[in-house]
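All remarks here apply to the structure that follows.
All figures in this text were calculated on a predicted structure; none of them were measured in a lab.
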Amino acid sequence: MSFETIYIPIGVPTFHLESAGKEFEKSIKLLKSIDENVVVPDEMLLGIDKLGAFLEGKNPDLLIVQNITFANSAYISEVLRKFDCPVLLWTLREPVIDGGRLRLNSLTGAYSAANALKAFGRPFEYIFGSPEEERVKEKINAVYNAARVKKALGRLNILQIGHTPQGFGFGRALDSEMMKTFGSNLISIEARELIDKAKSFSDEEIKEYLEDAKERINCLDEIAENNVLDFARLYRAYDEYVKENNIGALSSRCWPDFFTSFGTPVCSVLGILNDLGVSSACEADTYGALSMYIAQFITGKSVFFGDPVSMDENENTLTFWHCGMAPCSLAREDTGACAGLHCNRKIGPTLEFGCKKEEKVTVFRIGKKADGAFRMFVCSGEALDKPKQFIGTSIVVKTKNNAFDILNNSVTSGWEPHFAVAMGDIEEEAKALGNMLGIEVEAF
């Protein structure tokens with residue numbers, strides 16, 4: 001995916017240009033360390049005419065507008081007149097405070113720009129600080145990642161396989177809402193289409209998929225052979241549909257159909273798809289799949305998906321669990337991903353393991369308020385080194401904030417019972433993305 005970031009250092013020539021020039025060079029160095037392809041001007045844009053000439057012919061996905069010195073609101077108005085994309089407004093510190101001349105007056109310029117941005121009704125991100133500050137780099141990096149996700153969402157095909165079970169309507173998505181809010185294309189098919197496709201494959205035609213699964217999952221030979229073969233049939237059916245239709249994320253109906261109509265669960269297929277880069281949620285939770293896609297896009301790592309099922313005040317932990325569809329790559333190294341039987345239906349193969357330790361994780365979800373408006377859940381923490389907590393797959397998260405309060409407040413706020421757990425700290429990216437999409441973010 002091509003992505004264009006443009007650095008726009010605006011100002012006027014009546015301030016201390018030697019100081020401004022030093023900040024200009026340091027800013028470019030910082031931005032190049034984040035995105036080596038960032039588009040930068042040959043010189044500071046110290047006039048509306050120079051600004052206009054630099055912007056000509058550009059097609060940005062992210063604008064980083066920096067008051068290299070003071071600039072009035074006409075500068076940002078010229079930018080907004082040409083482009084409608086995410087904006088990061090960056091204010092520089094005064095390099096010297098010595099009772100003498102004001103060198104840059106960047107901060108006053110930021111107030112002028114922000115006032116115009118608000119008047120235009122345009123959301124924007126903001127950072128104050130010098131290019132050498134780690135906080136500045138972290139903020140710019142988070143906004144850059146969020147803008148990349150926003151663009152990716154506009155190109156995403158997300159697949160909804162079957163309907164949500166009764167009582168699970170919170171995960172059901174509408175194509176118009178998906179397109180309007182996220183820009184994503186929702187494709188809907190019935191579960192029987194993939195079941196019928198799976199049934200059509202001979203044992204010979206699924207050999208490659210079976211061998212691949214054996215490389216990922218331990219103890220498959222302990223599961224009934226007919227179930228293992230049917231699992232490989234499902235694996236091929238899902239994999240081929242995903243590739244043929246350029247699917248980036250999917251939600252799949254699982255129970256009861258795959259037990260009653262096919263005789264084999266789809267859990268392990270979804271786990272493998274996650275490791276193949278296709279964010280996959282069970283119980284037809286499409287907004288869960290969308291949450292997983294965002295988390296996986298930012299971190300580049302597979303994402304856990306499950307229910308909050310336990311809380312320990314002494315450890316300050318929340319445990320997330322599901323029947324057995326977590327990505328194999330998340331399994332503890334001492335056990336690996338093991339095949340098992342579904343906890344209720346006693347049919348396999350499902351996946352069995354506890355997740356390995358991860359220094360930084362983020363519990364994340366795109367959900368809805370009672371009035372139908374979208375919102376985001378964000379909660380930071382770490383994944384502890386814990387064995388499997390219940391039959392199925394589980395991850396134990398020690399939260400940064402008080403786990404009891406998080407549990408209590410999220411329940412009373414009416415959050416859905418499914419969450420993604422990202423392998424990394426994506427809290428700032430989530431907040432920036434929420435702002436870009438006009439979605440309220442609730443940080444716990």
With no hydrogens and no angle check, do the side chains of [X] and [Y] hold a donor and an acceptor under 3.5 Å apart?
{"X": "Gln160", "Y": "Thr286", "result": "yes"}
{"X": "Thr5", "Y": "Asp35", "result": "yes"}
{"X": "Ser112", "Y": "Asn72", "result": "no"}
{"X": "Ser27", "Y": "Gln66", "result": "yes"}
{"X": "Thr264", "Y": "Asn227", "result": "yes"}
{"X": "Tyr287", "Y": "Ser251", "result": "no"}
{"X": "Thr91", "Y": "Tyr126", "result": "yes"}
{"X": "Asn105", "Y": "Thr108", "result": "yes"}

Check whether more than 12 heavy atoms from other residues, nucleotides or ligands sit under 6.0 Å from atom [atom1] of [X], and answer yes or no.
{"X": "Lys360", "atom1": "NZ", "answer": "no"}
{"X": "Lys398", "atom1": "NZ", "answer": "no"}
{"X": "Lys26", "atom1": "NZ", "answer": "yes"}
{"X": "Asp49", "atom1": "CG", "answer": "yes"}
{"X": "Lys199", "atom1": "NZ", "answer": "yes"}
{"X": "Glu359", "atom1": "CD", "answer": "no"}

Just to verify, which of [options] counts as forming a salt bridge (charged side-chain N to carboxylate O under 4.0 Å, His left out) with [X]?
{"X": "Glu416", "options": "Arg365, Arg172, Lys369", "result": "Arg365"}
{"X": "Lys139", "options": "Glu125, Glu429, Glu134", "result": "Glu125"}
{"X": "Asp61", "options": "Arg155, Lys151, Lys150", "result": "Lys151"}

Full working for side-chain contact (heavy atoms from CB on, under 4.5 Å) between Leu234 and Asp230: CA-CA 6 Å; Leu234 279 179; Asp230 282 346; over 6 Å; no
Working for salt bridge (Lys or Arg N to Asp or Glu O under 4.0 Å), residues Arg192 and Asp196: CA-CA 6 Å; Arg192 61 175 167 74; Asp196 289 345; 5.1 Å; no
Steps toward side-chain hydrogen bond (donor to acceptor under 3.5 Å, both in side chains) verdict (Glu427, Thr362): CA-CA 7 Å; Glu427 183 169 346; Thr362 308; over 6 Å; no
Parallel, tilted or perpendicular: ring planes of Phe231 versus Tyr235, cut at 30 and 60 degrees: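 Ring orientation, 0 to 90° scale: parallel.
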Parallel, tilted or perpendicular, as decided by the 30° and 60° cut-offs, for the rings of Phe182 and Phe374: perpendicular
Phe419: which of Phe444, Phe377, Phe364 passes ring-ring contact (aromatic ring centres under 6.0 Å, His included):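 Considering Phe444, Phe377, Phe364, a ring-ring contact (aromatic ring centres under 6.0 Å, His included) with Phe419 is found only for Phe377.
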is_close_aromatic(Phe304, His322), centroid dist under 6.0 Å: no
Phe168 and Trp255 aromatic centres sub-6.0 Å: yes
For Asp425, side-chain hydrogen bond (donor to acceptor under 3.5 Å, both in side chains) partners two or more places apart: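 Partners of Asp425 under the side-chain hydrogen bond (donor to acceptor under 3.5 Å, both in side chains) test: none.
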Lys/Arg cation over aromatic Tyr209: Arg236, 6.0 Å, 45° cone: no
Charged tip of Lys58 within 45° of Phe54 ring normal and under 6.0 Å: yes
Steps toward side-chain contact (heavy atoms from CB on, under 4.5 Å) verdict (Leu117, Ile76): CA-CA 8 Å; Leu117 281 158; Ile76 192 68; 4.2 Å; yes
Audit row: Val441, Arg375, side-chain contact (heavy atoms from CB on, under 4.5 Å) steps and yes/no: CA-CA 6 Å; Val441 179; Arg375 60 179 176 174; over 6 Å; no
Straight-line distance of Glu133 CD to Ile140 CD1, nearest 0.5 Å: 10.5 Å
